[in-house]
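Lettering follows sequence order; numbering is per chain, from 1.
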Amino acid sequence: MVVATWNVNSIKVRKEQVLEFLKEVGPDLLALQETKVKTEDFPFKPYQEIGYHVVHSGGKGRNGVALLSKVAPKIIKRGFENTSEPESFPDAEERLIGIEVEGFGFASLWVFSVYIPNGGQPESDYYYYKLSFFWQLKEFFEKTFSPEDPIILMGDFNVAPEDKDVFAPGLLEGHICFTEKERRAFFDLLSFGFYDTLREKYPDARGVFTWWDYQFGAFKKNQGMRLDHILITRPLLEKLGDVYVEKSFRTKPKPSDHAPLIAKFLV
DNA sequence: ATGACTGTCTTTGACAGA
């Protein structure tokens, strides 16, 4: 089983690149974020034609999450369910989508694509919305699942968890996506029972990033951040193979500012 | 000159992204 996550920064602009990725890498499951389209405008057809089931949840011009799967989804979930204050997260349906599939040795495997809010300026209202989104997401998993359930939660978390996840920790301290509160919120989510696949395989690796600013020649200098993550529960951990960033898609003409992150499992 | 950002819509500038 091969799974991948990719913030495409507009599916309209990246439609062909996603098709190319599916043909080259052939993931069983692909999570997309920032599709930036209403569901009726999502280009389902090219992906369905090469054998993928596609579910999408999004709004006009911003946000938007999708899952592409070789296996047909049994159940689809959009946004938060069973949480204490779902009305406080009006855009949750554009930021979280999940499917239940059967296969890869699992009677029930849940797969989620998530796009955590960026947060704007640290300490702003939007920043606290981002932190609350993390807490609500954890509560969603606590109320809906057990850490013994096979779950893959992947997407753009807009947090670089540790110093080794950014190119210049001193320079970026206090910068959005790298503040202490955001990093705590990320690890609090992990405490549900999630494992960060990249760190399980490469605990000490430096310079492994998934996002590079479009400005300042950042990609060329590998001045990036590790903001995209594939999280898994324990039943999947023992089957984890390699995890890597497919940087080639950041070098193509008109790239997304994020590169795909891929995890392979021995099932 | 060895760098220059890229999407979207309320579109020809503002704004969000990170």
Side-chain angles (χ1 to χ4, degrees), chain A residues 5-18 31-43 56-66 89-92 94-96 113-134 154-186 189 198 207-229 245 247 249-261:
Chain A
T5 184
W6 191 9
N7 178 323
V8 290
N9 186 18
S10 166
I11 190 62
K12 284 182 183 168
V13 176
R14 243 62 69 186
K15 184 175 79 170
E16 290 301 322
Q17 285 187 34
V18 170
L32 302 177
Q33 302 84 36
E34 282 208 89
T35 59
K36 296 187 173 179
V37 290
K38 292 179 288 182
T39 293
E40 64 237 52
D41 296 328
F42 189 94
H56 176 262
S57 192
K60 190 179 179 184
R62 57 197 307 181
N63 307 330
V65 285
F89 300 89
D91 62 358
E94 301 178 3
R95 294 183 175 279
L96 181 67
S113 175
V114 68
Y115 175 49
I116 301 275
N118 166 280
Q121 292 301 311
E123 298 301 317
S124 64
D125 289 349
Y126 185 31
Y127 175 80
Y128 280 94
Y129 183 74
K130 175 181 191 175
L131 297 174
S132 305
F133 199 96
F134 265 104
M154 54 186 167
D156 178 1
F157 292 76
N158 269 320
V159 173
E162 298 178 90
D163 284 4
K164 58 197 171 200
D165 295 314
V166 300
F167 72 97
L171 188 70
L172 292 167
E173 184 61 49
H175 192 279
I176 196 67
C177 301
F178 194 57
T179 66
E180 186 58 36
K181 285 172 186 161
E182 291 166 276
R183 288 186 268 172
R184 274 210 298 269
F186 178 79
L189 172 65
L198 191 285
V208 178
F209 306 133
T210 64
W211 171 86
W212 300 261
D213 202 312
Y214 280 126
Q215 304 175 77
F216 321 121
F219 181 73
K220 210 171 198 174
K221 295 181 273 189
N222 197 31
Q223 295 183 340
M225 300 173 94
R226 191 171 72 94
L227 304 180
D228 302 85
H229 309 292
V245 181
K247 286 175 77 172
F249 282 83
R250 189 63 178 73
T251 69
K252 292 179 187 289
K254 288 198 75 78
S256 168
D257 44 357
H258 296 250
L261 175 68

Side-chain donor-acceptor contact under 3.5 Å, Ser10(A) with Glu34(A):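 Checked: Ser10(A)/Glu34(A) side chains show no N/O donor-acceptor pair below 3.5 Å.
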Side-chain donor-acceptor pair present, Asn118(A), Tyr129(A), cut-off under 3.5 Å: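 No donor-acceptor contact under 3.5 Å links the two side chains.
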How long is the line joining [atom1] of [X] and [atom2] of [N], in whole Å?
{"X": "Phe178(A)", "N": "dG17(B)", "atom1": "CZ", "atom2": "P", "value": "20 Å"}
{"X": "Arg95(A)", "N": "dG17(B)", "atom1": "CZ", "atom2": "C1'", "value": "11 Å"}
{"X": "Gln121(A)", "N": "dA18(B)", "atom1": "CD", "atom2": "P", "value": "13 Å"}

With sequence neighbours excluded, residues passing side chain to side chain contact (heavy atoms under 4.5 Å, CB included) with Ala160(A):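 By the side chain to side chain contact (heavy atoms under 4.5 Å, CB included) rule, Ala160(A) matches Asp165(A), Val166(A), Phe178(A), Met225(A), Leu227(A).
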For Lys60(A), side chain to side chain contact (heavy atoms under 4.5 Å, CB included) partners two or more places apart: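 Expected list: Lys38(A).
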Between dG7(B) and dA18(B) - C1' atom distance, rounded Å: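 To the nearest whole Å, 13 Å.
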Integer angstrom distance from the P of dT6(B) to that of dT10(B):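 Those two atoms are separated by 23 Å.
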Worked verdict on Glu94(A) versus Asn63(A) for side chain to side chain donor-acceptor pair (under 3.5 Å): CA-CA 6 Å; Glu94(A) 301 178 3; Asn63(A) 307 330; 2.8 Å; yes
Heavy-atom donor-acceptor pair, Arg226(A) side chain to Pro161(A) backbone, under 3.5 Å: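 Between the backbone of Pro161(A) and the side chain of Arg226(A) there is no qualifying donor-acceptor contact (under 3.5 Å).
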Ring centroid separation His258(A) to Phe249(A) under 6.0 Å: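 Centroid separation for His258(A) and Phe249(A): 6.0 Å or greater.
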Partner residues of Glu123(A) under the side chain to side chain donor-acceptor pair (under 3.5 Å) criterion, sequence neighbours left out: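 Only Tyr128(A), Lys181(A) meet the side chain to side chain donor-acceptor pair (under 3.5 Å) criterion with Glu123(A).
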Sugar-phosphate, base or nothing in reach of Asn7(A), heavy atoms under 4.0 Å: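 Since only primed, P, OP1 and OP2 atoms lie under 4.0 Å of Asn7(A), the category is sugar-phosphate.
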Sugar-phosphate only, base, or nothing, as touched by Tyr115(A) at under 4.0 Å among non-hydrogen atoms: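 Result for Tyr115(A) = sugar-phosphate.
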Could you list all N or O pairs between the protein and nucleotides 10-16 of chain B that sit under 3.5 Å apart?
from: dT10(B); atom 1: OP2; to: Lys60(A); atom 2: NZ; distance (Å): 3.2

Distance (rounded to the nearest 0.5 Å) between Ile116(A) CD1 and Asp156(A) CG: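 Between Ile116(A) CD1 and Asp156(A) CG, I get 8.5 Å after rounding to 0.5 Å.
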N or O in side chain of His258(A) less than 4.0 angstrom from dA18(B) OP1/OP2: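 For dA18(B), OP1/OP2 do have a side-chain N/O of His258(A) under 4.0 Å.
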Charged tip of Lys130(A) within 45° of Phe133(A) ring normal and under 6.0 Å: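 Judged by the rule (NZ or CZ under 6.0 Å from the ring centre, within 45° of its axis), Lys130(A) is not positioned above Phe133(A).
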Selection: residues 155-170 of chain A, any non-hydrogen atom under 4.0 Å of DNA chain B: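 Listed by number, they are Asp156(A), Asn158(A).
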Look for any protein N or O under 3.5 Å of an N or O in nucleotides 4-6 of chain B and output each such pair with its distance, or none.
from: dA4(B); atom 1: OP1; to: Phe216(A); atom 2: N; distance (Å): 3.0
from: dA4(B); atom 1: OP1; to: Gly217(A); atom 2: N; distance (Å): 2.9
from: dA4(B); atom 1: OP2; to: Gly217(A); atom 2: N; distance (Å): 3.4
from: dC5(B); atom 1: O4'; to: Tyr214(A); atom 2: O; distance (Å): 3.4

Phe167(A) and Asn222(A): CA distance, side-chain angles, deciding distance, side-chain contact (heavy atoms from CB on, under 4.5 Å) verdict: CA-CA 7 Å; Phe167(A) 72 97; Asn222(A) 197 31; over 6 Å; no
